[in-house]
Amino acid sequence: MDKKNSKWTIVFWLVTGLAILQYIFIVVPRIQDNPDVGGAYILGSIIPNAIMIFIFWMIKRKAEK
């Protein structure tokens, strides 16, 4: 495995892990505190993390080529 590829793989998994932890520890408690939360709030809180993970995945994939 190439050193550059390894670096982007590690960065990708760190970003993914942080996004998951952010969702679990910040968004989930807010959803549990407010029973009137709808699907739009849940989807809206997932989209920014998903975009960030997608961008780093694209960088990682480009580094592999």
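What you see below is based on every heavy atom in this structure, not just the backbone, and it leaves out hydrogens, waters and symmetry mates.
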Trainee: Hey, quick one: are Leu18 and Val15 part of the same hydrophobic cluster, counting side-chain heavy atoms closer than 4.5 Å, chains of contacts allowed?
Mentor: no
Trainee: According to side-chain contact (heavy atoms from CB on, under 4.5 Å), who are the partners of Val28, at least two apart in sequence or on a separate chain?
Mentor: Tyr23, Gln32
Trainee: Could you state the interatomic distance from NZ (Lys7) to CD1 (Ile59), rounded to the nearest 0.5 Å?
Mentor: 10.0 Å
Trainee: Does anything in residues 36-49 pair up under side chain to side chain donor-acceptor pair (under 3.5 Å), and if so which pairs, sequence neighbours excluded?
Mentor: Gln22-Asn49
Trainee: With sequence neighbours excluded, tell me which residues meet side-chain contact (heavy atoms from CB on, under 4.5 Å) with Phe25.
Mentor: Leu21
Trainee: Calculate, to the nearest 0.5 Å, the distance between atoms CG and CD1 belonging to Leu43 and Ile47 respectively.
Mentor: 4.0 Å
Trainee: Among the clusters formed by ILVMFWY side chains lying less than 4.5 Å apart, do Val27 and Met52 turn up in the same one?
Mentor: no
Trainee: Looking at every heavy atom in both Phe56 and Phe12, which two are closest together, and how far apart are they?
Mentor: C-CD1, 3.9 Å
Trainee: Membership question, hydrophobic clusters at under 4.5 Å side-chain separation (ILVMFWY): are Met58 and Val11 in the same one?
Mentor: yes
Trainee: Nearest 0.5 Å please: distance from the OG1 atom of Thr9 over to the CD atom of Glu64.
Mentor: 5.5 Å
Trainee: Linking I/L/V/M/F/W/Y whenever their side-chain heavy atoms sit closer than 4.5 Å, directly or via other members, would Ile46 and Val37 fall into one cluster?
Mentor: yes
Trainee: Taking all atoms of both residues into account, what is the closest heavy-atom pair of Ile42 and Ile31, and its distance?
Mentor: CG1-CD1, 3.7 Å
Trainee: Once rounded to the nearest 0.5 Å, what's the spacing between atom NZ of Lys60 and atom CD1 of Ile53?
Mentor: 13.0 Å
